[in-house]
Amino acid sequence: MRRRIIAAVLAAAVLLSLGACSGSGRTPDTGSSQAGSTGSSRAGSTGSSRAGDTGSGSQPVTENMTFEQMQEAAKGTTVTFYGWGGDEKLNRWLDDEFARVMKEKYDITMERVPMDIDQVLSQLAGEIQAGGKDGSIDMIWINGENFRSAKENNMLYGPFTDKLPNFNDYVDGDSEDVAMDFAYPIEGYEAPYGKAQLVMVADLAVTPDVPESAGALREFVEKYPGKVTYPALPGFTGSAFVRNIIYEICGYEPFMDMEADKETVRAAVAPAMEYLRELNPYLWNQGAAFPDSSTTVDNMFADGELVMNMTYGAYDVALSIEDGTYIDTTAAFQFDKGTIGNTNFMAIGANSGNKAGAIVAINEMMSPEIQADRYEKLRVIPVLDNEKLSGEQKTAFDRVDLGKGTIPQDELLSKRLPEMPAQLVPIIEEIWAEEVVGK
C-alpha cells in the first residue's frame with residue numbers, strides 16, 4: 001500500500017510541474033536506519049563539481065557530446081549514487097573498489113548516498129518541482145514499480161543506453177532481462193547493474209530434506225513447526241517469495257498480460273492465498289505476524305531460530321559461510337519449477353546536474369573488469385553476454401570460485417522465472433495483507 005500511495009503522490013506532484021522541465025524520462029528490504037543523508041546541500045549547486053547540466057536550449061549538453069567528450073566534461077566532478085544502503089558488503093565495494101577505479105581512471109569522485117527508494121523519489125520529485133536544473137541526484141539504483149512510476153512521470157533522464165560503449169559492446173540489449181523491468185519496457189531509461197535470483201537456504205546437517213516444491217514445503221513446515229517463516233510484505237524478499245508461491249500454485253503465464261484490477265488479481269491468486277493460509281499454523285508466530293525484514297529473518301536463521309532462509313542474492317550463502325555467519329553445511333536450493341529472477345538497474349535523475357559523469361560511471365559499472373570484480377567479491381550474477389566477451393575476459397569470469405553451498409550458475413539460470421508485471425506487485429501485497437496475515 002505504501003508504494004501505491006507514494007506513486008500517487010509522485011504523480012500528482014510531478015504532473016503539476018514537469019510540463020516545462022527538460023529531460024523526459026525496487027529495491028531490497030530496507031529499514032529506517034538506512035535513510036541516510038539526503039544530499040540536499042548539493043541541490044541547486046552551480047559549482048565546478050557538476051557537469052552535463054542543461055544548456056541554453058531544452059536539450060542537455062550530453063545529447064550532442066561523444067562519450068569521450070563526456071569523459072572530459074566529467075573530470076574533477078562528483079557523481080552521486082542514490083540507493084539502498086543495507087548491504088554492507090556492497091557498500092564497502094562501492095566505497096573502496098568502484099570509487100577508487102572511478103577516481104584513478106576518470107578523476108571522478110563517487111558519493112554514495114544511502115536512502116530508501118521512496119525517499120529518493122520523493123526528493124527527486126521535490127527538486128524537479130522546484131524547477132532546478134542542477135539536481136543533487138545523479139545515479140539511482142531502481143527497479144520494478146518504482147522505475148515504472150518514475151519513468152511515466154518524466155522523472156528520469158533518457159534514453160541513454162545508446163550512449164554507453166560497454167552496453168553496446170557487451171550487453172544483449174534485446175534479452176528480456178535487459179529490455180524489461182518487471183515486464184515493463186525500459187526503452188533505454190535504465191542500464192543493468194547486476195542480476196539476482198531468489199533461492200532458499202538451509203543447513204543440510206539439520207534439515208537434509210529441503211523442499212523442492214510447494215507441496216514439499218507444506219510437509220516441511222509441518223515437520224519443523226515454528227521454525228519457518230518469511231519476511232513481511234511489502235519487503236522485497238518476502239514479496240518475491242509470495243510471488244514464487246503464486247507461480248508454483250497458479251503458474252506465471254496468466255499474469256504476464258493481466259489487467260491491474262484488484263478483483264481480477266484476487267481471483268487469479270486465490271489458490272495461492274489459500275495455500276499460504278494453510279501454512280500459517282506451522283510458521284513462526286503461527287502466521288499472526290511476520291518478521292519485519294529479510295535482515296531479521298537472516299539473523300534468526302543464523303542464530304538457529306529458523307531452519308530455512310531465503311535471499312535474492314543467489315550466491316550470498318557462500319559469502320556468509322566465508323565470513324563465519326553460516327556454518328559450512330549451509331546450502332542454497334531451488335524449487336524444481338524454478339525461482340523468480342530479475343535485474344538490478346541504474347537510472348539517471350531527469351534534472352541531474354552531472355549527467356555526463358553519471359553516464360561515464362554507469363558505463364564503467366558494465367565494463368568486463370568491474371563486472372568480473374563484482375562477480376568475484378560480491379558473487380553478483382553478471383549482466384554481460386558471455387558470447388560478446390573475448391577469451392581473456394571469459395577467463396576472468398570462469399576462474400571465479402563461487403564458494404560453498406552455491407547452485408552452479410547453469411543450473412540456477414536454467415530455472416530462472418520472469419518477474420511479474422510491476423503494476424501487479426503492490427496489488428498482490430495488499431491481498432496478502434488482507435487474506436493471509438493472522439488468518
Non-hydrogen side-chain atoms of I108 and T78 separated by less than 4.5 Å: no

Can a donor-acceptor pair be found between the side chains of E248 and S213 at a distance below 3.5 Å? no

Closest heavy-atom pair and its distance - P271, A268: CD-O, 3.8 Å

How many angstroms lie between atom CG of D298 and atom OG of S320, to the nearest 0.5 angstrom? 6.0 Å

Would a 4.5 Å heavy-atom cut-off, applied to side chains only, mark Q197 and L413 as touching? yes

A side-chain contact here means heavy atoms from C-beta on lying under 4.5 Å apart; do I428 and S239 qualify? no

If you compare all heavy atoms of G349 against all heavy atoms of L124, which two are closest, and at what distance to 0.1 Å? CA-CD1, 4.2 Å

Let me see the working for K394 and N386 under side chain to side chain contact (heavy atoms under 4.5 Å, CB included), right down to the final yes or no. CA-CA 7 Å; K394 290 179 182 178; N386 193 60; 3.7 Å; yes

Side-chain ion pair, R92 and D96, N-O less than 4.0 Å: no

Are F160 and Y189, when compared by the centres of their aromatic rings, separated by less than 6.0 Å? no

Count the heavy atoms belonging to other residues, nucleotides or ligands that lie under 6.0 Å from CD of E176, then report whether that count exceeds 12. no

Student check: side-chain heavy atoms of L233 and V242 closer than 4.5 Å: yes

Is E419 salt-bridged to R243, cutoff N-O under 4.0 Å? yes

Examine distances only and state if a side-chain atom of T330 and a backbone atom of A202 form a donor-acceptor pair shorter than 3.5 Å. no

Side chain to side chain contact (heavy atoms under 4.5 Å, CB included) for K133 and N351? Distances and angles first, verdict last. CA-CA 5 Å; K133 295 181 179 180; N351 69 332; 5.6 Å; no

Are any side-chain N or O atoms of K337 and backbone N or O atoms of A214, one a donor and one an acceptor, separated by less than 3.5 Å? no

Taking the side chain as everything from C-beta on, heavy atoms only, tell me whether P291 gets closer than 4.5 Å to Y230. no

Is the distance between the ring centroids of F147 and W141 under 6.0 Å? no

Would you say the side-chain atoms of N309 and Y326 include a donor-acceptor pair closer than 3.5 Å? yes

Looking at N166 and M365, would you say the former's side chain and the latter's main chain have a donor-acceptor pair under 3.5 Å? no

Atom pair CE (M102) and CD (E97), whose distance is rounded to the nearest 0.5 Å: 14.0 Å

Locate the shortest heavy-atom distance separating R277 from P281; write the atom from each residue and the value. O-CD, 3.5 Å

Q286 atom CD: more than 12 heavy-atom contacts under 6.0 Å: no

Can you see whether Y170 has K388 sitting over its ring - NZ or CZ less than 6.0 Å from the centre and within 45° of the normal? no

Short question: side chain of T264, backbone of E259 - any donor-acceptor pair under 3.5 Å? no

Ignoring hydrogens and geometry, is there a side-chain-to-backbone donor-acceptor pair from N285 to G287 under 3.5 Å? no

Does any N or O in the side chain of Q371 come within less than 3.5 Å of the main-chain N or O of V383, such that one atom is a donor and the other an acceptor? yes

Is the backbone N or O of D118 less than 3.5 Å from a side-chain atom of D116, with the two atoms forming a donor-acceptor pair by type? no

Is the distance from the ring center of F236 to that of F241 below 6.0 Å? no

Between T343 and D181, does the side chain to side chain contact (heavy atoms under 4.5 Å, CB included) criterion hold? Intermediate values first, please. CA-CA 7 Å; T343 303; D181 186 352; over 6 Å; no

Distance-only polar pair, side chains of T339 and N244, donor-acceptor under 3.5 Å: no

Which value, rounded to the nearest 0.5 Å, describes the distance between Q409 atom CD and R379 atom CZ? 12.5 Å

Inspect the contact between R266 and E435 and indicate whether a charged nitrogen and a carboxylate oxygen are less than 4.0 angstrom apart. yes

For E127 and Q123, test the side chains for any donor-to-acceptor distance below 3.5 angstrom and give the result as yes or no. yes

Just by modelled atom types, is the A74 backbone N or O under 3.5 Å from a matching donor or acceptor in the T77 side chain? yes

For a quick test of reading the model, state the closest non-hydrogen atom pair linking L402 to A318 and the distance between them. O-CB, 2.9 Å

Quick one, F301 and M308 - any side-chain contact, counting heavy atoms below 4.5 Å? no

Regarding D323 and T325, is there a side-chain donor-to-acceptor distance under 3.5 Å anywhere? yes

Heavy-atom nearest pair, A183 first then M180, reads O-CE, 3.1 Å

Evaluate side chain to side chain contact (heavy atoms under 4.5 Å, CB included) for F67 paired with N363, printing each intermediate quantity in order. CA-CA 10 Å; F67 185 76; N363 183 72; 3.4 Å; yes

Are the side chains of Y252 and P418 in contact, using a 4.5 Å heavy-atom criterion? yes

Interatomic distance, CE@M110 vs CG@D138, rounded to 0.5 Å, equals 8.0 Å

Taking every heavy atom of L198 against every heavy atom of A240, the minimum-distance pair comes out as CD2-O, 4.0 Å

Establish, yes or no, whether the cationic atom of R374 lies under 6.0 Å from the six-membered ring centre of Y193 and within 45° of the ring axis. yes

Donor-acceptor contact present, side-chain Y247 to main-chain M420, <3.5 Å: yes

Using a strict threshold of under 4.0 Å (side-chain N to carboxylate O), is an ion pair present between K439 and E274? no

Within the 3.5 Å criterion, strictly below it, is a donor on E145 or Y184 matched to an acceptor on the partner's side chain? no

When you measure from the side chain of N153 to the backbone N and O of M155, does any donor-acceptor pair fall under 3.5 Å? no

Working to the nearest 0.5 angstrom, can you tell me the gap between Y312 OH and N344 CG? 9.0 Å

Parallel, tilted or perpendicular for F397 and Y375, by the 30°/60° rule? tilted

Answer whether the closest heavy-atom distance between the side chains of I140 and I117 falls below 4.5 Å. yes

